[in-house]
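Reviewing the structure listed below.
A note on names: the letters A, B, ... follow the listed sequences, proteins ahead of strands, and every chain is numbered from 1.
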Number of protein chains: 2
Amino acid sequence: MDSASQILDIAERRMRKAGFNAVSYRDIAAEMNLKSASLHYHFPKKEDLGVALVQRYSERFEALVEADTADLETPQEKITVFVRSYRNAFEEDGLVCLCAVLGAEAPGLPDPVASEVKQFFERMIDWLTAQYEDLSFAAPRAQAQSAISLLQGAMIVSSATGDEAIFEASANTILVAFKPAH
Amino acid sequence: MDSASQILDIAERRMRKAGFNAVSYRDIAAEMNLKSASLHYHFPKKEDLGVALVQRYSERFEALVEADTADLETPQEKITVFVRSYRNAFEEDGLVCLCAVLGAEAPGLPDPVASEVKQFFERMIDWLTAQYEDLSFAAPRAQAQSAISLLQGAMIVSSATGDEAIFEASANTILVAFKPAH
DNA sequence: GTCTATAATTTGATAGAC
DNA sequence: GTCTATCAAATTATAGAC
């Protein structure tokens, strides 16, 4: 794999654990057996690294959702798979969404990074709003905003307490709306 | 006001904006027209400052909820006021909950600080669980976990996007369960 | 309690050789 | 692309005077 991607991989994992300011060029370089100066060739400033990080994360996530929901026909199915994608991503590597972490410290981030985080959330909400519109919900955007907020918050609270049941309960709240009444 | 409280005030405001690692003794001291060395008299290590910060935040928040809900009789009223307390705290100063920010970077925090954050969430969930139990909800704890997650996530997404409507929509999702059917 | 002085370490970043 | 060398600034922290 090329160095740039490797840098992004390591930076992403570390930032999802501890935030933007807790990750240093030196730490990343050490893990790659490189010198920190070499990283500046790929990402001159940390701000550049941050922007590239969120952009890649954003594109990757959208591509994943697109791929997983492409063959589905109903909005219910699409939302269900969307939530499960989030759950899988969270449970597999045990890391909170990159934008949940960066979003929490957004006012302290370099402006271009904060802007990318903002766009990530807006795209997520737009996508989910479209699904709720197809379902003729009375307030599709409010529904989407709540669902995204719930997922993001659940990852944080679940991670901070070490209680996976919190995420499960929250994800289930979104899905239960589609279960047939008994 | 005594210096310790003043330090905590400034540190809290800054950390709620940008996270634990973005706040330095120097910055805090400068705002007080002090030298950074003086701060170490009150909080020898940054870890001590972090613990004191979360403890004070936690106690203050619980006292506020206790005071606001003491005279209320029904769980519905208590939950409603609880959510409104969160909303007021968020909208008045425009800052995300301290534990939302620290919770997002929990794996990167000093252990004693992370432990305090964890306890904050557990206490919040316990309190809310008790209310849902009184309402005879089928899964009171799951309900409480979802509600806390939703509030925390809504602050973050709302703050990161600059869209206050997101928090409003999310808070309303919790409250709407009590509105009489028309 | 706050100061001066200072230390040790870390950090983001640059210049220039290979 | 990666290295060595280096830098200026920032950061946590301590010792000891006042």
Side-chain angles (χ1 to χ4, degrees), chain A residues 1-56 98 101-102 105-116, chain B residues 1-54 56 101-102 105-116:
Chain A
M1 185 172 39
D2 63 317
S3 291
S5 301
Q6 213 177 332
I7 293 167
L8 291 173
D9 285 347
I10 297 171
E12 181 186 315
R13 175 168 41 77
R14 287 175 179 261
M15 279 198 197
R16 286 170 71 183
K17 272 189 199 161
F20 187 80
N21 293 299
V23 178
S24 78
Y25 274 51
R26 259 189 163 74
D27 292 338
I28 300 169
E31 193 173 328
M32 298 174 67
N33 291 318
L34 285 187
K35 299 298 174 182
S36 73
S38 308
L39 268 61
H40 288 276
Y41 169 80
H42 301 280
F43 305 100
K45 306 201 172 187
K46 200 177 178 185
E47 175 182 302
D48 303 319
L49 173 60
V51 168
L53 213 42
V54 181
Q55 281 177 348
R56 188 187 72 152
L98 175 67
V101 178
L102 297 186
E105 51 190 14
L109 294 176
D111 284 341
V113 182
S115 173
E116 292 294 333
Chain B
M1 184 172 41
D2 62 319
S3 291
S5 301
Q6 214 177 331
I7 293 168
L8 291 173
D9 284 347
I10 296 171
E12 181 185 317
R13 174 167 41 77
R14 287 174 178 261
M15 279 196 197
R16 286 170 72 183
K17 272 189 198 160
F20 187 79
N21 293 298
V23 178
S24 77
Y25 275 49
R26 258 190 164 76
D27 292 338
I28 300 170
E31 194 174 326
M32 297 173 68
N33 289 320
L34 285 186
K35 299 299 175 181
S36 72
S38 308
L39 270 61
H40 288 275
Y41 169 80
H42 301 280
F43 305 100
K45 305 200 172 187
K46 200 178 178 184
E47 176 180 303
D48 302 321
L49 172 61
V51 167
L53 213 41
V54 181
R56 188 187 72 153
V101 178
L102 297 185
E105 50 190 15
L109 295 175
D111 284 342
V113 182
S115 172
E116 291 295 333

Using atom [atom1] of [X] as one end and atom [atom2] of [N] as the other, report the distance to the nearest whole Å.
X	N	atom1	atom2	answer
B/Tyr41	D/dA13	OH	P	18 Å
B/Asn33	C/dC3	CG	C1'	14 Å
B/Ile28	D/dA10	CD1	C1'	14 Å

Quick one: side chains of residues 43-52 of chain B, donor-acceptor pairs under 3.5 Å with protein atoms, not counting sequence neighbours, listed by atom name and distance.
| from | atom 1 | to | atom 2 | distance (Å) |
| --- | --- | --- | --- | --- |
| B/Lys46 | NZ | B/Phe20 | O | 2.9 |
| B/Lys46 | NZ | B/Val23 | O | 2.7 |
| B/Asp48 | OD2 | B/Lys45 | N | 2.9 |

Original post:
With a 4.5 Å heavy-atom cut-off, do B/Glu105 and A/Glu105 have their side chains touching?
Top reply: yes
Original post:
Between A/Leu8 and A/Ser5, is any pair of side-chain heavy atoms under 4.5 Å apart?
Top reply: no
**OP:** Mark yes when over 12 heavy atoms from residues, nucleotides or ligands other than B/Asp111 sit less than 6.0 Å from its CG; otherwise mark no.
**Re:** no
Original post:
Side-chain N or O of B/Ser38 less than 4.0 angstrom from OP1 or OP2 on C/dC3?
Top reply: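 So the side-chain polar atoms of B/Ser38 do come within 4.0 Å of the phosphate oxygens OP1 or OP2 of C/dC3, strictly under.
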Original post:
Hey, is B/Arg56 close enough to B/Glu12 for a salt bridge, meaning N to O under 4.0 Å?
Top reply: yes
Subject >> Cationic N near anionic O, under 4.0 Å, B/Glu31 to B/Arg14 >> reply: yes
Original post:
For nucleotides 5-18 of chain C, read 5' to 3', which letter fits each nucleotide if B means a protein heavy atom sits under 4.0 Å from the base, S means only the sugar-phosphate is that close, and - means neither?
Top reply: B-----BBBB----
Original post:
To the side chain of B/Leu34, which of D/dG1, C/dT4, C/dT2 is closest?
Top reply: C/dT2
